[in-house]
Amino acid sequence: MSLLGDNKLKLGVFASNLDGGLTATTARERHRLSWDTVARVARQADEAGFELQVPLARWRGLGGVTNFNGCNYEPLTWAAGVSAVTARSNVFATVHVPVLHPLVAAKQMTTVDHISNGRFGLNLVCGWFPAEFAMFGSPMMDHDARYAYAAEWLAIVRRLWNEEEEFDFEGRFFRIEKGMSQPKPLRRPPPIMNAGQSPTGARFAAEHADIAFLSISESEPFDAVRAKFANLRRLAREEFKREIEIWTGCWVICRSSEREALAYRDYCLREHGDPGAVDGLPKEVLPPKGTPPEVLEQFRFKAMAGFGGVHVVGSPQQVVERMREIASLGADGIVLSWVNYEEGIADWVRDVMPGLEAEGLRRPAAPSPR
């Protein structure tokens, strides 16, 4: 059995803590943030057997008419609430390590782990949005320094989670005198997810994470994706003597036919999309100057939904086939997002899950303990 269960393809819900989720749209049926909605989505996913629920961390929006991502629930608090209304999903919290001291974080995460009865996990993020860090009064560190900081931060957290005696720590970024934290997590230690994509980030994930989140694009050849996944596993196994899971993300529209699904995508993104949200992205993630106009337009269109995840738009059969393809490339799991999470999960359970079971990718979910 793997870290999060024994289904060949594991599933997660991504970013239900954001108003609008991961879709920059003004469509009336978009995900609306309220605790009642978040709790219903969490229970739906839990009862359907989704292995993972993970939020996105945001301190300010990206702009546009929706101020995309600007209205959101803080991830650790969200994780505590979701833990209290679910029974079996692993509940992760996304933590920007530069803005939260490891002593505070270790205690907060342990508290959530106890609320969840040992189902907590950490999605560790080093930071990528300079405007957010400016709000805290300090500029972002350079790329490699952010990962060095995160490694030191995580080393302290793990000692606080595991060691019974007080300890001192003297590092490049932190100085701890007689560090101690009680109680300890029920799951010792909670699993770590990281989405490092650069060579430095991938190496960090291979050394420190239990789950590496790797983005893929629709245009990447299958062989290139398969090699990317395999190379990261090999790095973890051969250099760090570790086994890791690899997850990716998909934004899903599933309708009875491909034509209907594409029409709904265009309704959400072409007719009611919020392109101003793309204008708020930091220059580091935008295409370079000189990018052909047609490529730039394609980037802007895709960037309005899915936070870099693959757009899976089609009939139930097409969605199942896309999931089968991604699993065959070496993905252990996929986190999913929809325009409307409640409708999306209901459609997924009714129309897609049976196909995944027929393909041998998943087993039927056991009745919920609730």
Side-chain angles (χ1 to χ4, degrees), residues 9 11-16 18-32 41 44 48 62 64-66 68-69 215-222 225 248-279 281 287 291-329 331 334-356 358-359 361:
L9 180 66
L11 299 174
V13 175
F14 191 24
S16 71
L18 306 177
D19 187 60
L22 295 180
T23 311
T25 184
T26 60
R28 58 179 176 78
E29 59 267 63
R30 69 188 184 277
H31 179 64
R32 304 292 185 123
V41 168
Q44 270 185 296
L62 292 171
V65 297
T66 62
F68 187 47
N69 291 172
S215 295
I216 60 178
S217 71
E218 292 84 351
S219 61
E220 282 186 270
F222 282 0
V225 175
T248 192
C250 292
W251 179 75
V252 179
I253 292 178
C254 182
R255 292 292 186 270
S256 58
S257 68
E258 181 182 27
R259 180 177 180 180
E260 186 180 351
L262 291 171
Y264 185 68
R265 180 202 64 182
D266 290 345
Y267 158 78
C268 291
L269 299 185
R270 297 195 190 280
E271 297 178 36
H272 294 283
D274 184 7
V278 181
D279 297 331
L281 289 169
T291 298
E294 65 275 11
V295 175
L296 183 60
E297 177 58 29
Q298 184 180 27
F299 169 86
R300 291 180 60 83
F301 179 73
K302 187 186 175 195
M304 285 191 288
F307 196 58
V310 173
H311 287 195
V312 179
V313 180
S315 67
Q317 295 79 11
Q318 289 172 311
V319 173
V320 169
E321 175 59 20
R322 196 68 171 115
M323 296 298 104
R324 188 197 64 76
E325 289 174 347
I326 293 173
S328 74
L329 299 177
I334 301 173
V335 291
L336 306 171
S337 62
W338 299 266
V339 175
N340 182 295
Y341 285 74
E342 290 183 84
E343 293 179 3
I345 294 174
D347 292 345
W348 183 276
V349 171
R350 184 189 64 239
D351 299 330
V352 178
M353 204 72 91
L356 298 178
E359 289 285 343
L361 296 173

**OP:** Check the pair Ser217, Ser219 against side chain to side chain donor-acceptor pair (under 3.5 Å), reporting the backbone distance first and the verdict last.
**Re:** CA-CA 5 Å; Ser217 71; Ser219 61; 3.2 Å; yes
**OP:** I would like to know whether Arg300 and Asp279 meet side chain to side chain contact (heavy atoms under 4.5 Å, CB included); could you show each step before the answer?
**Re:** CA-CA 9 Å; Arg300 291 180 60 83; Asp279 297 331; 2.9 Å; yes
Subject >> Any donor-acceptor pair under 3.5 Å from Asn340 side chain to His31 backbone >> reply: no
**OP:** Rounded to the nearest 0.5 Å, what's the gap from CE on Met353 to CH2 on Trp348? Could you check?
**Re:** 7.5 Å
Original post:
Does Glu260 have any side chain to side chain contact (heavy atoms under 4.5 Å, CB included) partners at least two apart in sequence or in another chain, and if so, which?
Top reply: Arg255, Ser256, Ser257
Original post:
What closest approach, in Å, do Met323 and Val312 show between heavy atoms, and which atom pair accounts for it?
Top reply: CE-CG2, 3.9 Å
Original post:
Does the side chain to side chain contact (heavy atoms under 4.5 Å, CB included) test come out yes or no for Arg259 and Tyr264, once each step is laid out?
Top reply: CA-CA 9 Å; Arg259 180 177 180 180; Tyr264 185 68; over 6 Å; no
Subject >> Ile216 side, atom CD1; Cys250 side, atom SG - distance, nearest 0.5 Å >> reply: 6.5 Å
Subject >> Spatial distance of atom OG1 (Thr291) from atom CD (Glu294) [nearest 0.5 Å] >> reply: 10.0 Å
**OP:** Could you pull out all residues at least two apart from Phe222 that satisfy ring-ring contact (aromatic ring centres under 6.0 Å, His included)?
**Re:** none
Original post:
Passes side chain to side chain contact (heavy atoms under 4.5 Å, CB included), His272 versus Tyr267? Steps please.
Top reply: CA-CA 6 Å; His272 294 283; Tyr267 158 78; 3.2 Å; yes
Original post:
Can you name the closest pair of heavy atoms from Gln44 and Tyr341 and give their distance?
Top reply: OE1-O, 4.2 Å
Subject >> Asp351 side chain vs Pro316 backbone, donor-acceptor pair below 3.5 Å >> reply: no
**OP:** Using a cut-off of 6.0 Å, state whether more than 12 heavy atoms not belonging to Gln318 lie near its atom CD.
**Re:** yes
**OP:** Might you confirm whether atom CZ of Arg350 has over 12 heavy atoms from other residues, nucleotides or ligands at distances under 6.0 Å?
**Re:** yes
**OP:** For residues Val278 and Phe68, determine if any side-chain heavy atom of one lies less than 4.5 Å from a side-chain heavy atom of the other.
**Re:** no
In residues 301-310, what donor-acceptor pairs under 3.5 Å come from side-chain atoms, sequence neighbours left out?
unit_1 : atom_1 : unit_2 : atom_2 : d
Lys302 : NZ     : Glu218 : OE1    : 3.0
Lys302 : NZ     : Gly309 : O      : 3.4

Subject >> Under 3.5 Å donor-acceptor, Thr248 side chain and Ile334 backbone >> reply: no
Subject >> Atom pair CG/OG of Leu361 and Ser328 - distance to nearest 0.5 Å >> reply: 9.5 Å
Original post:
Where do Ser337 and Phe14 come nearest, in terms of heavy atoms and distance?
Top reply: CB-O, 3.9 Å
Subject >> Gap separating the CH2 atom of Trp251 from the CG atom of Leu336, nearest 0.5 angstrom >> reply: 13.0 Å
Subject >> Donor-acceptor pair, side chain of Asp274 and main chain of Thr25, under 3.5 angstrom >> reply: no
Original post:
Taking all atoms of both residues into account, what is the closest heavy-atom pair of Val352 and Cys254, and its distance?
Top reply: CG2-SG, 3.9 Å
Subject >> Minimum-distance pair of heavy atoms, taken over all atoms of Pro287 and Leu296 >> reply: CG-CD1, 3.8 Å
Subject >> Closest non-hydrogen atom pair between Gly21 and Asn69, with its separation >> reply: O-ND2, 3.6 Å
Subject >> Verdict with reasoning, Leu356 to Leu11, per side chain to side chain contact (heavy atoms under 4.5 Å, CB included) >> reply: CA-CA 11 Å; Leu356 298 178; Leu11 299 174; 4.3 Å; yes
Original post:
To the nearest 0.5 Å, how far apart are OG1 in Thr23 and CG in Leu269?
Top reply: 7.0 Å
